[in-house]
Amino acid sequence: MWPDWLRSPSRGHPRSKSFSCSSFKDIQSIVTEDSEPESEPRSPRSPSVFHRVRISASVLRSWAHKNPIPSSLRIPNQGIVVYFTSLRVVRRTYEDCRTVRSILRGFRVPIDERDLSMDNKFLDELQGIIGGCNNNNSSSLSLPRVFIGGRYIGGAEEIKRMNETGELLQLISGLQLVGSAFCDFCGGLRFILCEECSGSHKIYAEKYGFRSCTACNVNGLIRCPSCCPVLRRCT
């Protein structure tokens with residue numbers, strides 16, 4: 001027989017029956033569980049920008065109902081003036097503005113459409129008109145606002161109701177008809193690029209350098225001379 005010092009250690013020391021070798025996958029899972037810190041409670045998600053805009057629009061709309069604009073409010077313009085916005089941030093406001101413009105354009109009469117999103121001067125103008133009869137200027141942000149014959153008519157609900165009853169047709173029956181409500185010159189946008197600054201709102205002069213263009217608004221746009229009723233009468 002072989003001497004004891006030549007025998008294999010495995011033969012001389014049998015394996016313990018209680019030992020069980022775990023796989024590498026099990027060991028990795030155990031290490032991961034021990035090393036992972038306790039997850040902190042998630043903070044509530046802040047509302048999105050569009051959600052906040054919808055909330056503010058609903059608040060302004062409720063303020064407008066509590067502080068109605070009197071029908072005796074008047075402006076110098078004797079035609080049809082519509083203050084609206086073409087932005088689609090608030091869907092209800094955009095749909096109301098589009099509905100009112102569609103109704104008025106169907107009569108084929110000159111309309112002075114003043115888009116607040118295209119020119120900030122219209123916003124200041126509307127706030128000045130409504131601020132003179134109402135201390136709460138928040139209602140001025142509820143669009144659209146319609147003036148006919150220099151008199152304030154109302155918003156989308158009033159225009160739709162008057163259109164169904166026939167009152168709207170009586171108000172605009174004395175206005176001159178136009179061939180088409182769509183303008184080929186500006187594509188129905190009611191604004192075109194300023195020719196003096198090419199839409200940059202900046203003019204360069206050798207003596208003064210770059211200066212702001214006085215012929216256009218901050219967006220580098222001017223009102224279309226072809227479809228704007230005020231500019232059409234001046235020419």
Side-chain angles (χ1 to χ4, degrees), residues 49-50 52-61 63-64 67 69 73-77 79-101 104-105 110-148 150 152-156 159 183 185-204 208-234:
V49 175
F50 292 100
R52 293 196 297 267
V53 170
R54 292 190 184 98
I55 294 177
S56 60
S58 61
V59 172
L60 293 175
R61 192 179 297 273
W63 279 354
N67 300 273
I69 302 174
L73 179 64
R74 293 184 176 275
I75 60 175
N77 195 314
I80 299 178
V81 180
V82 182
Y83 291 92
F84 73 102
T85 178
S86 58
L87 293 180
R88 303 190 182 189
V89 177
V90 183
R91 182 175 181 180
R92 182 178 178 183
T93 301
Y94 172 76
E95 293 293 338
D96 289 344
C97 293
R98 188 178 66 172
T99 301
V100 168
R101 294 173 64 198
L104 295 176
R105 286 184 177 185
I111 305 174
D112 189 356
E113 298 181 349
R114 303 182 180 182
D115 190 351
L116 275 65
S117 61
M118 299 288 282
D119 196 338
N120 293 333
K121 293 181 180 179
F122 293 149
L123 176 59
D124 299 335
E125 181 179 303
L126 182 59
Q127 287 180 341
I129 294 172
I130 298 179
C133 67
N134 197 335
N135 293 329
N136 188 1
N137 291 336
S138 300
S139 61
S140 63
L141 299 179
S142 180
L143 300 173
R145 298 293 183 182
V146 181
F147 295 81
I148 299 179
Y152 174 71
I153 302 300
I159 293 299
C183 178
F185 192 69
C186 65
L189 299 177
R190 303 297 190 249
F191 283 88
I192 60 174
L193 286 178
C194 178
E195 296 180 355
E196 296 187 12
C197 64
S198 300
S200 63
H201 193 55
K202 295 293 182 181
I203 296 180
Y204 178 78
Y208 302 101
F210 284 98
R211 302 182 63 182
S212 299
C213 179
T214 58
C216 61
N217 57 20
V218 295
N219 298 321
L221 303 174
I222 61 174
R223 303 198 72 183
C224 177
S226 178
C227 61
C228 178
V230 177
L231 298 179
R232 189 187 298 126
R233 286 196 299 268
C234 295

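Atom CD1 of I222 is separated from atom CZ of R190 by 15.0 Å, given to the nearest 0.5 angstrom. Rounded to the nearest 0.5 Å, atoms CD1 (I75) and CG (L126) are 9.5 Å apart. Remark: I130 CD1 to Y83 OH distance equals 8.5 Å, nearest 0.5 Å. Rounding to the nearest 0.5 Å places OG1 of T93 at 10.5 Å from CG of L87. Going from atom CG of N219 over to atom CE of M118 covers 7.0 Å, rounded to the nearest 0.5 Å. Interatomic distance, L104 CG to I159 CD1, rounded to the nearest 0.5 Å: 5.5 Å.
Taking the side chain as every heavy atom from C-beta outward, V82 and D112 never approach each other to under 4.5 Å. The closest side-chain heavy-atom distance from R105 to E113 is below 4.5 Å. Contact check for L189 versus C224: no side-chain heavy atoms found under the 4.5 Å cut-off. Contact check for D119 versus E125: no side-chain heavy atoms found under the 4.5 Å cut-off.
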List the steps, then state whether side-chain contact (heavy atoms from CB on, under 4.5 Å) holds for R223 with F191.
CA-CA 4 Å; R223 303 198 72 183; F191 283 88; 3.9 Å; yes
Can I129 and Y152 be said to form a side-chain contact (heavy atoms from CB on, under 4.5 Å), step by step?
CA-CA 10 Å; I129 294 172; Y152 174 71; over 6 Å; no
Evaluate the side-chain contact (heavy atoms from CB on, under 4.5 Å) criterion for residues C197 and K202: first the C-alpha distance (whole Å), next the side-chain angles of each, then the deciding distance (0.1 Å), finally the verdict.
CA-CA 6 Å; C197 64; K202 295 293 182 181; 5.8 Å; no
Residues F147, I153; criterion side-chain contact (heavy atoms from CB on, under 4.5 Å); working and verdict:
CA-CA 5 Å; F147 295 81; I153 302 300; 5.9 Å; no
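Of all heavy-atom pairs spanning A156 and V100, the tightest one is CA-CG2, 3.6 Å. When all heavy atoms of A215 and C194 are compared, the closest pair comes out as CB-SG, 4.2 Å. When all heavy atoms of S86 and D115 are compared, the closest pair comes out as OG-OD2, 2.6 Å.
Taking 4.0 Å as the cut-off between side-chain N and carboxylate O, R92 and E95 do not count as a salt-bridged pair.
Remark: R211 pairs with no residue by the salt bridge (charged side-chain N to carboxylate O under 4.0 Å, His left out) rule, at least two apart or across chains. Considering only residues two or more places apart in sequence or on other chains, E196 meets the salt bridge (charged side-chain N to carboxylate O under 4.0 Å, His left out) condition with none of them.
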